[in-house]
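All figures in this text were calculated on a predicted structure; none of them were measured in a lab. Protein chains get the first letters and strands the later ones, always in sequence-line order, with residue 1 at the start of each.
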Amino acid sequence: MVNGFQPREIEEKWQAVWAEQGIYEAKDLPAALKDRKFYGLIEFPFPSGEGLHVGHPRSYTAIDIVTRKKRMEGKNVLYPIGWDAFGLPAENYAIKTKTHPSVTTAKNIANFKRQLTSIGLGFDWSREIDTTDPTYYKWTQWLFLKFFQSYFDPIVGRALPIEALAIPEQVRVQGELAVRDFIDSKRMAFKSESTINWCPRCKIGLANEEAQGGVCERCGNSVEQRVKKQWMIRITAYADRLVDDLEHVDYLEKIKAQQIHWIGRSKGAYVDFAIQSKAKNLPDKVTVFTTRPDTLFGVTYVVLAPEHPLIQAWINDGDVSNADEIRVYQEGTNLKSELQRQEQKEKTGVEVKGIKAVNPATGEDVPIWIADYVLGGYGTGAIMAVPAHDERDFEFAKLFGLPLKTVVASSELGGVNIDAVTELPWTNDGVVINSGMFDGMKTADAKEKMIDWLSENGFGEAKTTYRLRDWVFSRQRYWGEPIPIVICPKCGYVPVPESQLPVLLPEVKEYEPSDTGESPLAAIRSWVDVVCPSCSGNAERETDTMPNWAGSSWYFLRYCDPHNDQTFADPEKLKFWMPVDLYNGGMEHTTLHLLYSRFWYKFLWDLNLVPRECGSEPYAKRRSHALIMGEGGMKMSKSKGNVVNPDDVVAKYGADVFRMYEMFIGPFDQDAPWDTNGIEGLKRFLEKVWKLQEKVISSKNSVLSREKEVLLHRTIKKVSEDIEGMHFNTAVSAMMILVNALQEEKDLQKPVWESFLKLLAPFAPHIAEELWHQLGYAESIHVSSWPTFDSTKLQHLQFELVIQVNGKVRDKILIESDLSEDDVKAKAVASEKIQQYLEGKMPHKVVYVKGRLVSIAV
RNA sequence: GGGCGAGUGGUGGAACUGGUAGACACGCCGGCCUUAGAAGCCGGUGGCGCAAGCCGUGAGAGUUCGAGUCUCUCCCCGCCCACCA
């Protein structure tokens with residue numbers, strides 16, 4: 001096997017050459033040349049101790065292929081890589097082994113880098129970044145301070161510097177402290193006491209996105225609710241823009257749908273129900289949120305979430321006759337974890353006796369209940385119940401024997417009490433209301449009219465609410481970016497001056513977080529005690545660190561200018577590179593990283609830290625890969641013992657076979673099981689390619705048949721289009737078909753073979769490079785030109801015409817491609833076989849599909 | 001319960017705006033080569049049938065000359081969200 005295909009030899013050889021020549025390094029050019037750039041991005045990995053998973057290369061190779069094609073098409077390509085290296089696994093490992101996370105991280109990065117290089121990915125390593133590097137997290141901290149020093153102006157709909165915030169007169173008169181509190185409450189990054197998702201096992205507060213389903217994303221433990229003062233970032237201010245701007249980007253529809261749903265904008269109204277009570281100092285109303293103000297006439301009771309603050313006020317007032325019963329219910333709710341609360345099927349609740357609410361539309365008294373099917377954190381934490389038109393209210397009303405009242409005319413019971421009904425009859429829009437002043441109106445119009453009526457009479461207003469919550473940005477952990485704030489007893493929250501950034505992570509002995517909910521940093525007095533940057537008095541550092549979403553919220557900007565020590569990225573370079581042209585990542589990040597980073601970007605864009613020319617969205621196009629499952633379709637996991645290690649595959653088959661197999665395994669956006677046998681097919685394919693080149697070298701002045709020529713041009717078209725559409729599996733198949741056909745030829749014309757090698761180059765960069773050089777080229781195939789097809793050579797001179805009689809294929813005949821429709825039809829009908837099937841009858845319909853078939857109906 | 005996606009040979013999967021279902025690959029079967037094997041090469045491979053042929057894309061109906069593709073009803077599977085008023 002002297003001349004055989006030896007993947008590992010040529011792969012290492014060319015990897016060294018590419019690195020030395022820097023062929024994958026992107027060039028920063030003036031913004032005027034923007035149409036020449038292409039910025040392809042993959043989600044940078046967390047460098048885990050396990051090393052690369054076979055899932056990583058699926059995404060990386062895909063974008064590698066797209067960017068290699070763009071480069072061959074003459075684009076100046078940026079395809080960068082880095083490390084999202086802050087995070088719990090590194091810290092947990094540190095707790096166990098007492099090794100500093102930076103030591104483990106450096107080791108893991110070296111391993112990842114070796115693995116990624118061995119696969120032949122065309123990353124620009126000169127732009128490598130690491131979120132745990134102080135030269136990187138200096139800017140993460142600096143950007144955090146921008147949030148701290150800004151507020152959101154709802155009038156102009158964008159963030160502005162905090163200096164521009166107008167202080168209302170009634171605040172100003174209360175003195176300096178009041179003004180400070182006011183300003184702090186308006187900042188984009190603010191500290192707030194709130195109930196948070198607390199994981200008792202990880203001893204850490206979690207954002208809603210990290211505690212979906214009431215379970216800690218990290219360890220799967222059930223999450224508790226705790227009250228804690230935490231740093232928050234006001235992502236809710238951007239909710240509308242995060243939804244609306246999706247119209248201007250090319251994301252997979254399911255990604256858009258998921259983000260829209262997560263943000264959960266719903267338009268409705270606040271409605272005030274007056275409180276009927278004998279007591280004097282009682283708050284005189286309760287405000288509910290509803291999306292169906294048109295059903296106000298059907299309200300038969302009001303429900304408050306158990307944690308609603310009004311409940312305590314009513315109890316304190318002494319007018320509630322069953323205070324003890326209510327307290328028992330509230331405590332019962334508190335004890336329930338989020339998970340239990342979701343699993344419980346039956347509704348529960350308790351009436352607040354002694355007071356009533358007044359329906360503003362009818363003036364009727366309705367009872368007030370508290371129940372945990374109403375969520376404290378959504379809307380106003382209180383609802384108006386319309387059991388005749390809402391399933392949940394219906395269920396609750398049935399359980400507690402509360403009355404039903406419908407507002408629609410289409411029922412024979414229209415507009416009256418309907419206590420006797422056992423099933424929910426009318427739930428939706430489109431019906432006609434026949435209650436009160438909306439008699440005869442469609443619900444959609446009634447909604448509008450009702451909102452107008454409510455606001456005219458001071459009973460409510462139009463209101464849009466969101467499911468999205470502000471982002472809990474504090475973590476009580478060691479291995480994260482310290483939040484660069486000093487807490488001064490005199491001055492309050494004081495940002496660490498830019499000249500003192502980064503606030504470095506200090507050395508500690510213990511990495512274990514404490515049960516009190518404080519970060520390990522709190523134990524290091526020498527680090528915590530500082531001089532206030534503002535008044536020079538004694539002060540303390542903030543000891544919370546940032547979540548590990550911080551570094552990844554802006555890393556794509558840093559790639560544009562990774563070594564800048566004056567600013568996070570030079571605006572001129574941002575103008576050239578942004579936005580990212582193609583971003584691929586996992587679906588699991590749709591409501592996390594993808595949403596967060598869009599938000600950060602928009603914020604920086606508002607402050608002109610990202611130039612206006614870059615546009616309001618960071619990613620022009622977002623695609624998503626699916627998973628590679630274990631053999632047999634189960635998810636790969638250490639416990640199942642079905643994990644495939646990329647190192648083993650590369651060692652056995654080489655990088656090119658590995659890459660092509662991952663592309664051939666199935667549609668990019670569909671899960672696919674690993675198949676050890678399947679790789680053999682790609683190995684055979686590349687061996688065939690290797691051998692085929694011999695025919696080129698010995699070739700004379702042979703003429704390529706028209707048939708092969710058409711196939712070549714069709715293949716160029718197919719592979720080009722498939723790469724753009726990310727249909728890599730069918731692109732590989734098209735190349736296989738071409739190779740199988742070329743194998744039939746005695747010898748091969750050089751230009752034909754060169755076109756094929758160029759098509760192959762993005763998929764199998766090493767073998768393509770080797771064969772290219774063997775043909776005598778000195779320059780890399782990867783900086784050569786992408787082949788183009790000749791559209792006049794896509795059509796065969798003849799084609800096989802399929803003839804159907806009554807929908808069944810009855811004959812196939814060869815037809816000249818340029819024959820007219822009438823001639824083709826005549827030939828088809830004249831066919832002997834067809835005549836037999838016609839049995840002398842006249843066809844009543846003959847249809848011709850150009851270049852394909854004739855269908856005859858008898 | 002809601003949203004999204006899917007259901008095609010033994011397997012992974014092809015099939016452009018409705019137009020020859022099963023491309024390509026794996027596996028399997030037969031042959032060549034070999035002392036034997038591996039590799040390689042050649043041929044075959046949806047089902048039933050000796051054959052002509054018939055039947056076939058989760059089930060059923062519909063539209064059409066023609067349906068994997070469009071419409072309706074239903075059944076399964078996967079993922080995400082989930083008492084969001």
Side-chain angles (χ1 to χ4, degrees), chain A residues 1 4 212-214 252-258 260-262 264-266 268-269 271 288-293 295 303 305 341-342 344-347 371-375 377-386 389-393 395-396 465-468 587-588 590-591 626-627 632-633 660-661 664-667 669-682 684-685 687-688 691 718 721 727 729-740 743 800-812 843-858:
Chain A
M1 283 286 264
Q212 290 181 17
L252 283 184
E253 273 313 310
K254 62 176 171 180
I255 296 177
K256 287 190 185 182
Q258 236 181 75
I260 289 168
H261 183 247
W262 185 257
R265 175 164 64 189
S266 67
V271 182
V288 304
F289 175 69
T290 178
T291 54
R292 296 291 307 277
T295 62
V303 192
R341 204 163 149 172
Q342 277 174 19
Q344 122 198 345
K345 292 264 153 60
E346 280 285 287
K347 288 199 165 40
D372 65 6
Y373 84 92
V374 174
L375 308 172
Y378 181 75
T380 60
I383 62 154
M384 55 181 225
V386 189
H389 299 283
D390 181 278
E391 283 186 52
R392 295 150 303 186
D393 298 344
E395 195 190 319
F396 191 78
T465 62
Y466 304 87
R467 218 186 73 124
L468 185 73
M587 280 306 291
E588 71 275 18
T590 301
T591 53
L627 300 178
M660 289 203 82
Y661 173 64
F664 190 62
I665 196 167
D669 56 359
Q670 264 176 52
D671 290 350
W674 186 268
D675 177 13
T676 309
N677 286 326
I679 310 177
E680 293 289 337
L682 281 303
R684 286 174 203 154
F685 171 67
E687 279 169 351
K688 257 189 242 182
K691 278 188 208 146
K718 174 81 177 154
E721 288 172 357
H727 305 300
N729 55 329
T730 49
V732 172
S733 141
M735 288 188 279
M736 286 173 167
I737 293 168
L738 179 66
V739 164
N740 288 344
Q743 225 174 2
E800 188 184 58
L801 179 78
V802 169
I803 309 167
Q804 297 183 334
V805 178
N806 291 336
K808 295 203 166 156
V809 179
R810 295 304 187 187
D811 198 11
K812 295 172 184 181
H844 68 77
K845 191 166 185 183
V846 180
V847 180
Y848 174 49
V849 182
K850 195 169 185 315
R852 286 181 185 273
L853 61 73
V854 167
S855 182
I856 302 165
V858 190

Asks: Using a cut-off of 4.0 Å on non-hydrogen atoms, how would the nucleic acid contact of Gln258(A) be classed: base, sugar-phosphate, or nothing?
Replies: sugar-phosphate
Asks: Give me the distance, rounded to whole Å, that separates G66(B) from G19(B) when you measure between the C1' atoms they each carry.
Replies: 7 Å
Asks: Tell me if G9(B) is syn or anti. Syn = glycosidic torsion within 90° of 0, anti otherwise.
Replies: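 Syn.
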Asks: Send over the distance from Arg852(A) CZ to A21(B) P, rounded to a whole Å.
Replies: 12 Å
Asks: May I have the distance from Met587(A) (atom CE) to G78(B) (atom C1'), rounded to whole angstrom?
Replies: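 Rounding to the nearest Å, CE of Met587(A) and C1' of G78(B) are 13 Å apart.
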Asks: Need to verify one output field. Residue with the more 5' nearest nucleotide on RNA chain B, Asn806(A) or Thr465(A)?
Replies: Asn806(A)
Asks: Using a heavy-atom cut-off of 4.0 Å across all strands, would you classify Glu588(A) as base, sugar-phosphate, or nothing?
Replies: nothing
Asks: Taking atom P in both G40(B) and A51(B), what distance in whole Å separates the two?
Replies: 32 Å
Asks: How far does the C1' atom of C50(B) sit from the matching atom of G60(B), given to the nearest Å?
Replies: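 Nearest-Å result for C50(B) against G60(B) at atom C1': 36 Å.
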Asks: Restricting both atoms to N or O, compile the protein contacts to nucleotides 53-57 of chain B shorter than 3.5 Å, with distance only.
Replies:
residue : atom : partner   : partner atom : Å
C55(B)  : OP2  : Lys808(A) : NZ           : 3.3

Asks: For atom P, what is the distance between G27(B) and A82(B), given to the nearest Å?
Replies: 44 Å
Asks: Mind listing the N/O atom pairs, protein and nucleotides 7-13 of chain B, below 3.5 Å?
Replies:
residue : atom : partner   : partner atom : Å
G12(B)  : O2'  : Ile665(A) : O            : 2.7

Asks: Need one value for Asn740(A): base, sugar-phosphate or nothing, where a base atom within 4.0 Å counts as base even if backbone is also close, heavy atoms only.
Replies: sugar-phosphate
Asks: Can you tell me if the side-chain N/O atoms of Lys845(A) get under 4.0 Å from OP1 or OP2 in C65(B)?
Replies: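 Yes, within the criterion.
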Asks: Between Tyr373(A) and A85(B), is there a contact of a side-chain N or O with OP1 or OP2 at under 4.0 Å?
Replies: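 Negative; the distance criterion is not met.
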Asks: Taking Watson-Crick and G-U wobble pairs with both distances under 3.5 Å, convert RNA chain B into its dot-bracket string, 5' to 3', dots for unpaired and | for cross-strand pairs.
Replies: (((((.(..(((......[....)))((((((.......))))))(((....)))..(((((..]....)))))).)))))....
Asks: Which whole number of Å gives the distance between the P atom of U69(B) and that of U57(B)?
Replies: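 So the two P atoms sit 9 Å from each other.
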Asks: Expressed as a whole number of Å, how far does the P atom of U63(B) sit from that of G2(B)?
Replies: 31 Å
Asks: Provide the distance between the two C1' atoms, one in U20(B) and one in U35(B), to the nearest whole Å.
Replies: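 To the nearest whole Å, 49 Å.
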Asks: Pick the C1' atom in C32(B) and in A25(B), then give their distance to the nearest Å.
Replies: 24 Å
Asks: With respect to the phosphate group of A25(B), does any side-chain polar atom (N or O) of Arg684(A) fall under 4.0 Å of OP1 or OP2?
Replies: no
Asks: When all nucleic acid strands are considered with a 4.0 Å heavy-atom cut-off, which category describes Ile737(A): base, sugar-phosphate, or nothing?
Replies: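 Ile737(A): backbone/sugar contact only, no base atoms under 4.0 Å.
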Asks: For the OG1 atom of Thr590(A) and the NE2 atom of His261(A), what is their distance to the nearest 0.5 Å?
Replies: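 Interatomic distance, Thr590(A) OG1 to His261(A) NE2, rounded to 0.5 Å: 13.5 Å.
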Asks: Ignoring hydrogens and angles, are the base of G19(B) and the side chain of Gln804(A) linked by a donor-acceptor pair under 3.5 Å?
Replies: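 In this structure, the two groups form a donor-acceptor pair.
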Asks: Quick check: on RNA chain B, is the nucleotide nearest Met384(A) upstream (toward 5') of the one nearest Gly681(A), or the reverse? Name the residue that is more 5'.
Replies: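 By nearest-heavy-atom nucleotide position, the 5'-most residue is Gly681(A).
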Asks: Got Asn729(A) and Ser733(A) here, is their nearest side-chain heavy-atom distance under 4.5 Å?
Replies: no
